[in-house]
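Everything on this sheet refers to the single structure shown next.
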Amino acid sequence: MRTQYCGQLNLSHVGQQVTLCGWVNRRRDLGSLVFIDMRDREGIVQVFFDPDRQDVFKFASELRNEFCIQVTGTVRARDEKNINRDMATGEVEVFATDLNIINRSEPLPIDSNHVNTEEARLKYRYLDLRRPEMAQRLKTRAKITAFVRHFMDRHGFLDIETPMLTKATPEGARDYLVPSRVNKGKFYALPQSPQLFKQLLMMSGFDRYYQIVKCFRDEDLRADRQPEFTQIDVETSFMTAAQVREIMEEMIRGLWMEIKGVDLGKFPVMTFAEADRRYGSDKPDLRNPMELVDIADLLKDVEFKVFSGPANDAKGRVAALRVPGGAQLSRKQIDEYGKFVEIYGAKGLAYMKVNERANGLEGINSPVAKFLTAEIVEQILSRTAAQDGDIIFFGADKGRIVSDAMGALRLKLGKDLGLTDDAKWAPMWVIDFPMFEEDGEGGLTAMHHPFTSPRDMSPEQLKAQPETAIANAYDMVINGYEVGGGSVRIHNNAMQQTVFEILGINEQEQREKFGFLLDALKYGTPPHAGLAFGLDRVTMLLTGTENIRDVIAFPKTTAAACLLTDAPSLANPVALNELGIAVVKKGE
């Protein structure tokens, strides 16, 4: 039906007869001439109808926005004065000789020329996706997946599918369950990731696997999280963690060059401990120049218990954050930042304005100055490298609270005060995560997942000191977003059982949930390691949006609902009966 896409016409097509198919993006009736901007997935081109062709011209007067049409005509070069520099096709236009209205359109419930609510955009997603910026995001996503497939193929990786209906295993979030009609009372789980299957593929001898795969997690949602998401899933045998990082870094560097024309350079590597100490986060945004500075050793003997208490607590932390030029902040603004850190468990936010650095105690303005000696103030100013016009914020509490609160404050101040360089790309690797973290109930939980191998520990050593174990795990971070994460996996039966025991999974439960894995580990399992990228998040970064729903064709809301199809919906009672399921209302 078409010979060209609208958005691909240029001066090389001048004089050619073309047939275009698409939609009326805009219509202008000048009386003697009718112009339309015609749109398809590749872009927009101007089409004009001349009254000398009366039959076509009269038909064109019926056109309205979003009519689906077919136009045949001749490509012409625009006069110099009429060139539209804002359009990719602005040097040409199409002189229409034939018009076919394929389908008329009623007035649209959303207006592409105005800001629509996200609810309206999701309800009429098929209309929202007609917008050029939305179409461009999905086209970029397609380019990303094509690049990944070509890269993986060139490097010897095999694309192997794994099951969607599988067994529930603990991987950090609730499972979506699927009832079995054939086996009443039993349920499949939709995979949170293909984790165990890709490990089994390594045991099967497929030493380089990848898959672009749907995953499902029933968890609370936000702007960069969806209940169903897509992973670029990778697993290798006989490769070290450093080798896995090297090949995956090569892929991401190539991808950024392909899509953005940007060379990300060599990725710096930082341990979890250093990232937490300097930035209060395991996914630091290195575009922000501010860092946390520990000062507990300076404050152990001060009378101010808010400082001295955490300073003398082995699990406490006192950290300072110097904000360049921050002395301009008003008391009202400082109070608002104080309320902000309370979200992360902090009880308040002390500060120190540096007016005249050279005057020491006399040159600062701070509510806590009366508790500090001139010597301590000088040491704080020196350690933070404070200058005139800066402000220093202080966090003092349990270590985790201080890191979370001050890390979040660092990011917020970076944006609010324009300190974060949005024009930069800042990739990095974070490695050597703690193997376990406290679960809040006196036990331990895996920081990544229970199949991650510890670094340089035997099962006996791990069992004796699990809280000191460092996981052989790694995350790729770009601009403060974790875009991918992985680890070296456990390939030893005794080590896997030890980890399960530390996590409180008894022997019977191990057999019920992971018997197939424990059995497989007995038969010559090779060392293996892998990594998974969040395709949606990678696409979000490469298309410059901060909302993951913008790069998914038909996403869910933060309530995990599809406004377009009205899913989830009530099930047919007959179907429920066949599945042996009864829906019980709360309180019954």
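Counting from 1, the numbers follow the sequence of the chain as shown.
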What residue pairs, at least two apart or across chains, pass salt bridge (Lys or Arg N to Asp or Glu O under 4.0 Å) with a residue in residues 194-205?
Lys198-Asp233, Lys198-Glu235
Which label fits Trp429 and Phe267: parallel for a plane angle under 30°, tilted from 30 to 60°, or perpendicular past 60°?
tilted
Can you list the residues that meet the side-chain contact (heavy atoms from CB on, under 4.5 Å) rule with Asn10, with sequence neighbours excluded?
Ser12, His13
I need the full list of salt bridge (Lys or Arg N to Asp or Glu O under 4.0 Å) pairs touching residues 122-132, with sequence neighbours left out, sorted by first then second residue.
Glu66-Arg130, Arg121-Asp128, Arg125-Asp128, Asp128-Arg131, Arg131-Glu133
List the residues meeting side-chain hydrogen bond (donor to acceptor under 3.5 Å, both in side chains) with Asn82, not counting sequence neighbours, and say none if there are none.
none
Qualifying salt bridge (Lys or Arg N to Asp or Glu O under 4.0 Å) pairs with a residue from residues 1-25, counting only residues at least two apart or across chains:
none
With sequence neighbours left out, what residues match His155 under side-chain hydrogen bond (donor to acceptor under 3.5 Å, both in side chains)?
Glu250
Any ring pair (Phe, Tyr, Trp, His ring centres under 6.0 Å) involving residues 187-219? Give me the pairs, sequence neighbours left out, ordered by first then second residue.
none
What residues form a side-chain hydrogen bond (donor to acceptor under 3.5 Å, both in side chains) with Thr545, not counting sequence neighbours?
Asp550
side-chain hydrogen bond (donor to acceptor under 3.5 Å, both in side chains) partners of Arg85, counting only residues at least two apart:
Glu80
Which pairs pass ring pair (Phe, Tyr, Trp, His ring centres under 6.0 Å) with one or both residues in residues 63-112, sequence neighbours excluded?
Phe48-Phe95
Could you go through residues 98-108 and list every donor-acceptor pair under 3.5 Å that involves a side-chain atom there, pairing it with any protein atom two or more places apart or in another chain?
| unit_1 | atom_1 | unit_2 | atom_2 | d |
| --- | --- | --- | --- | --- |
| Arg104 | NH1 | Glu62 | OE1 | 3.3 |
| Arg104 | NH2 | Glu62 | OE1 | 2.7 |

Summary of salt bridge (Lys or Arg N to Asp or Glu O under 4.0 Å) pairs that have at least one residue in residues 553-578, sequence neighbours excluded:
Glu228-Lys556
